Amino acid sequence: MRDPWFPIALLIIVLLVVWLGIIGPMPGGFSSWLQSWQTLAAALVASIAAFIAFRNTSLTLKQSEKLESHRRNRKHAAIRAVLPLALAQVTNYAARSVHALNNLVNLCVDESLPVEIAPKELAEPLPSETLKSLAEFIEYSDSIDVSILESTVAAIQIHDSRMRSLVQDNQDPSSGRVILKIEIENYIIDAASIYAGAASAFDYARRRQPHLPTTLPWDSVRGALRNMRFWDEHFTALYEALDRLEMTSSGPFEKLNVTN
């Protein structure tokens, strides 16, 4: 659509052309009057030209921002559509880790893990495509609180590092590190927290809720353990550890300083 200031600018340009004498001499009285206003006219032309340029630039920027906002919203919608698959992969990863760690608990002797017992596959990495999907979802979520998912991704990386360290130290007798049963149980709680963090986003991913949860209480971790068939009466040590943790923090991700 043509700029409404265009006719005004055109008229001023015509007057300027007349003033400069490009289209021939004008009546003496009019020419003298016009020349007396030369400085003011030049300033007026410059001001209007600057205003038009500024206005057009502002319109262009607003249009670009609108297009970028639309693009980001569509990208968010596309990633949200496949988010349930990524979340399912995270919960499966966490469940495998919980069961593998529990196998190590059962192998402990005198409250510690014998050397050269931890299998190398204990440090099974999460598929990079899954982490990429989660990272993109976080990046393109402009209007929702994604702190729980941020904490979940951070917890996955911390857990993976701890699993690798556990395997390396257990397979190397010269390391001198004694891996205690209680330490392995704490890792089980960490993996259950990852499960709970991913599970908390399912309702949003499936369009059942308009927002993601902003907190993850310890009860969510208890629920994750029960979903994995770790019942209270059979795994009393785990639930007692959760009770102790609940006395010092409101949730498993509080220590990550991402959400309270």
Side-chain angles (χ1 to χ4, degrees), residues 89-128 130-131 134-135 148-199 216-218 220-260:
Q89 290 175 333
V90 173
T91 55
N92 289 338
Y93 160 84
R96 290 194 300 271
S97 183
V98 164
H99 287 286
L101 286 166
N102 185 58
N103 290 338
L104 293 185
V105 169
N106 294 331
L107 294 174
C108 286
V109 177
D110 296 330
E111 300 299 314
S112 65
L113 185 68
V115 296
E116 300 183 26
I117 291 293
K120 292 182 179 180
E121 57 268 22
L122 180 68
E124 175 187 0
L126 190 68
S128 59
T130 301
L131 290 175
L134 294 175
I148 295 299
L149 278 184
E150 289 176 343
S151 296
T152 302
V153 173
I156 289 170
Q157 298 177 68
I158 294 171
H159 185 70
D160 178 72
S161 176
R162 287 173 175 170
M163 294 302 95
R164 294 180 186 279
S165 177
L166 186 156
V167 172
Q168 181 177 349
D169 291 342
N170 182 254
Q171 291 293 329
D172 181 11
S174 65
S175 69
R177 178 188 174 191
V178 177
I179 300 172
L180 300 177
K181 178 181 177 181
I182 190 173
E183 180 181 355
I184 301 173
E185 290 172 338
N186 287 334
Y187 291 161
I188 290 176
I189 293 175
D190 290 341
S193 299
I194 293 170
Y195 186 110
L216 190 75
W218 287 110
S220 296
V221 182
R222 293 186 180 94
L225 286 171
R226 291 167 187 145
N227 285 341
M228 293 180 282
R229 300 185 181 279
F230 279 67
W231 309 114
D232 309 45
E233 59 271 20
H234 298 146
F235 297 91
T236 55
L238 288 177
Y239 286 91
E240 288 173 357
L242 283 172
D243 291 340
R244 290 192 296 271
L245 289 168
E246 194 169 31
M247 295 176 63
T248 59
S249 63
S250 60
F253 295 153
E254 184 176 312
K255 58 188 176 183
L256 297 178
N257 296 320
V258 176
T259 184
N260 293 323

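Source: prediction; values computed, not measured.
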Min side-chain heavy-atom separation [X]-[Y] under 4.5 Å:
{"X": "Y195", "Y": "N227", "result": "yes"}
{"X": "F230", "Y": "N102", "result": "yes"}
{"X": "D232", "Y": "L225", "result": "no"}
{"X": "L131", "Y": "Q89", "result": "no"}

Worksheet item: Pairs in or reaching into residues 99-122: which pass salt bridge (Lys or Arg N to Asp or Glu O under 4.0 Å), with residues at least two apart or in two chains?
Response: none
Which distance, rounded to the nearest 0.5 Å, do you find between the [atom1] of [X] and the [atom2] of [Y]?
{"X": "I188", "Y": "S97", "atom1": "CD1", "atom2": "OG", "answer": "8.5 Å"}
{"X": "L126", "Y": "L134", "atom1": "CG", "atom2": "CG", "answer": "7.5 Å"}
{"X": "R222", "Y": "I189", "atom1": "CZ", "atom2": "CD1", "answer": "9.5 Å"}

Practice prompt. Quick one: do M228 and T91 satisfy side-chain contact (heavy atoms from CB on, under 4.5 Å)? Show the steps, please.
Written response: CA-CA 10 Å; M228 293 180 282; T91 55; over 6 Å; no
Give the minimum heavy-atom separation between [X] and [Y], together with the two atoms involved.
{"X": "R164", "Y": "A123", "result": "CG-CB, 3.5 Å"}
{"X": "L149", "Y": "G197", "result": "CD2-O, 4.4 Å"}
{"X": "A198", "Y": "V90", "result": "CB-CG1, 3.5 Å"}
{"X": "H159", "Y": "Y93", "result": "CD2-OH, 3.6 Å"}
{"X": "D160", "Y": "E124", "result": "OD1-O, 4.3 Å"}
{"X": "L216", "Y": "S193", "result": "CD2-O, 4.1 Å"}

Side-chain donor/acceptor pairs under 3.5 Å, residues 173-185, sequence neighbours excluded:
unit_1, atom_1, unit_2, atom_2, d
S174, OG, D172, OD1, 2.5
S174, OG, D172, OD2, 3.3
S175, OG, D169, O, 3.1
S175, OG, D172, O, 2.9
S175, OG, R177, N, 3.4
R177, NH1, S165, OG, 3.4
R177, NH1, D169, OD2, 2.7
R177, NH2, E183, OE2, 2.1
E183, OE2, Y187, OH, 2.8

Under the 3.5 angstrom rule, does the side chain of [X] hit a backbone N or O of [Y] as a donor-acceptor pair?
{"X": "T236", "Y": "E233", "value": "no"}
{"X": "W218", "Y": "S249", "value": "yes"}
{"X": "T152", "Y": "I148", "value": "yes"}

Worksheet item: Do L104 and L166 pass the side-chain contact (heavy atoms from CB on, under 4.5 Å) test, and can you show the C-alpha distance, the side-chain angles, and the key distance before you say yes or no?
Response: CA-CA 11 Å; L104 293 185; L166 186 156; 4.1 Å; yes
Discussion item. Tell me if the CZ atom of R229 is crowded by more than 12 foreign heavy atoms within 6.0 Å.
Written reply: no
